[in-house]
Amino acid sequence: MFIDSHCHLDRLKLEDFDNNLDNVINRATDASVSGMLCVSVKLAEFEAMAETTKNYANVWLSCGAHPLNQEERIDEQQLLELSKNERVVAVGETGLDYFYAPETKELQLDSFKKHVRVARAVNKPLIIHTRDAKEDTLDILRDENASEVGGVLHCFTETWEMAQQAMALGFYISFSGIVTFKNASELREVAKKIPDDRLLIETDAPYLAPVPHRGKQNQPAYVVEVAKHLASIRGQSVEDIARISAENFRRLFKV
């Protein structure tokens with residue numbers, strides 16, 4: 001059974017699913033996806049996300065503010081209190097994105113450090129988004145002692161060297177539909193090298209639908225295509241990828 005380690009159920013356009021989230025969950029179940037982690041990107045939207053998903057025992061939550069959502073300084077106390085929610089298994093997504101928003105670098109750095117402090121306070125792993133910010137991302141993870149809680153570099157698109165340094169700090173590496181894209185040959189080489197005990201799979205739905213669904217709205221059921229592609233390039237069976245990634249998910253997020 002597969003687990004989608006990163007999706008945004010609250011951001012799906014439900015008109016594609018007869019305006020019913022049940023249909024999204026049922027499609028995932030029919031595809032042998034037994035669970036999914038619904039990831040927070042704005043603190044102001046966390047309560048609504050929790051309400052939307054409250055009836056699904058196989059949906060876990062994270063709490064955090066995406067680095068591209070940094071209009072003002074994040075309230076560390078609010079993040080701390082929300083992260084104590086019993087359904088929350090991770091803090092984030094947080095991190096740094098200098099590709100799309102270099103102008104908010106200072107706010108991003110402040111927010112990232114606060115997320116690490118909160119993760120340590122509640123003893124929950126971190127979900128990291130990083131783009132064009134390799135050195136600063138790794139420096140903060142080291143300086144703020146993120147290795148105490150570990151976490152995952154989600155939707156990984158960076159180098160093998162960065163993956164190695166992150167894994168040395170106790171982090172997992174998660175691959176999305178990007179690994180199936182035609183122009184992702186370098187990423188596939190990295191994916192071949194990730195040890196079994198550090199591998200996760202995700203959709204990042206509703207974004208980044210994998211081949212053969214590229215161009216469509218993504219959904220948790222499509223994580224199976226990510227697993228199939230990884231199995232092919234790593235010389236493993238799809239069942240191996242499903243088992244390995246699910247075991248890693250449960251170990252990391254303590255579910």
Side-chain angles (χ1 to χ4, degrees), residues 1-66 68-69 74-94 111 114-115 118-119 121-129 149 151-152 154-155 174 176 200-209 217-224 242 245-255:
M1 300 287 278
F2 304 89
I3 295 180
D4 183 358
S5 70
H6 190 114
C7 62
H8 304 281
L9 297 175
D10 57 322
R11 305 183 93 76
L12 288 166
K13 295 178 181 177
L14 288 180
E15 54 265 34
D16 290 353
F17 304 95
D18 296 326
N19 293 306
N20 193 333
L21 187 57
D22 285 353
N23 293 329
V24 178
I25 305 301
N26 290 338
R27 288 189 190 184
T29 301
D30 290 345
S32 298
V33 179
S34 61
M36 55 213 77
L37 176 52
C38 186
V39 175
S40 167
V41 296
K42 289 185 178 181
L43 294 189
E45 297 177 0
F46 174 79
E47 297 289 2
M49 183 181 80
E51 178 67 20
T52 297
T53 60
K54 68 180 182 180
N55 294 326
Y56 306 105
N58 60 341
V59 175
W60 301 278
L61 305 180
S62 78
C63 183
H66 194 286
L68 295 181
N69 296 329
I74 191 170
D75 184 334
E76 186 171 350
Q77 188 61 35
Q78 181 188 22
L79 175 62
L80 176 62
E81 292 305 315
L82 292 175
S83 296
K84 292 177 181 177
N85 185 300
E86 63 181 8
R87 293 183 61 208
V88 170
V89 298
V91 175
E93 66 189 276
T94 182
S111 176
K114 288 175 178 176
H115 277 77
V118 166
V122 297
N123 192 32
K124 294 177 182 180
L126 288 150
I127 299 173
I128 306 298
H129 170 106
V149 291
V152 55
H154 104 92
C155 196
S174 180
S176 69
L200 290 174
I201 56 176
E202 64 174 272
T203 59
D204 203 13
Y207 318 108
L208 303 171
Q217 181 175 207
N218 206 355
Q219 58 179 292
Y222 292 168
V223 77
V224 177
S245 58
E247 288 175 354
N248 291 342
F249 180 92
R250 294 183 182 282
R251 184 187 316 113
L252 174 61
F253 296 111
K254 304 179 181 68
V255 298

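Everything numeric here is computed off the predicted structure, so don't read it as measured data.
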Output the distance between atom [atom1] ([X]) and atom [atom2] ([Y]), rounded to the nearest 0.5 Å.
X: Arg27; Y: Gln219; atom1: CZ; atom2: CD; answer: 5.0 Å
X: Thr203; Y: Asp4; atom1: OG1; atom2: CG; answer: 3.5 Å
X: Ser83; Y: Lys124; atom1: OG; atom2: NZ; answer: 6.5 Å
X: Ser62; Y: Leu82; atom1: OG; atom2: CG; answer: 11.0 Å
X: Ile3; Y: Trp60; atom1: CD1; atom2: CH2; answer: 4.5 Å
X: Cys7; Y: Leu12; atom1: SG; atom2: CG; answer: 7.5 Å

Parallel, tilted or perpendicular: ring planes of His154 versus His129, cut at 30 and 60 degrees: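 It falls in the tilted class, 30° to 60°.
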
Under 3.5 Å donor-acceptor, [X] side chain and [Y] backbone:
X: Ser174; Y: Cys155; value: no
X: Ser176; Y: Glu202; value: no
X: Asn23; Y: Phe17; value: yes
X: Asn218; Y: Tyr207; value: yes

For the residue pair [X] and [Y], establish whether any side-chain heavy-atom pair is separated by less than 4.5 Å.
X: Cys38; Y: Asp10; answer: yes
X: Val41; Y: Met49; answer: no
X: Leu37; Y: His6; answer: no
X: Ile127; Y: Val91; answer: no
X: Ile25; Y: Asn58; answer: yes
X: Asn123; Y: Val149; answer: yes
X: Phe253; Y: Pro125; answer: yes
X: Glu93; Y: His8; answer: yes

side-chain contact (heavy atoms from CB on, under 4.5 Å) between Leu43 and Cys63, intermediate numbers included: CA-CA 7 Å; Leu43 294 189; Cys63 183; 3.9 Å; yes

Name the atoms and distances for all side-chain donor-acceptor pairs under 3.5 Å in residues 74-81, with sequence neighbours left out.
unit_1, atom_1, unit_2, atom_2, d
Asp75, OD1, Gln77, N, 3.0
Asp75, OD1, Gln78, N, 3.1
Glu76, OE1, Arg117, NH2, 3.1
Glu76, OE2, Arg117, NE, 3.2
Gln77, NE2, Glu81, OE2, 3.0
Glu81, OE2, Lys84, NZ, 3.3

CA sep, side-chain torsions, deciding dist, call: Leu200, Leu252, side-chain contact (heavy atoms from CB on, under 4.5 Å): CA-CA 10 Å; Leu200 290 174; Leu252 174 61; 4.1 Å; yes

Pairs involving residues 36-57, ordered by first then second residue, that meet side-chain hydrogen bond (donor to acceptor under 3.5 Å, both in side chains) (sequence neighbours left out):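 Qualifying pairs, neighbours excluded: Arg11-Glu45, Asp22-Tyr56, Glu51-Lys54, Thr53-Arg87.
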
Of all pairs that satisfy salt bridge (Lys or Arg N to Asp or Glu O under 4.0 Å), the ones with a partner from residues 245-255, not counting sequence neighbours: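 For residues 245-255, and leaving out neighbouring residues, the salt bridge (Lys or Arg N to Asp or Glu O under 4.0 Å) pairs sorted by first residue read Arg243-Glu247.
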
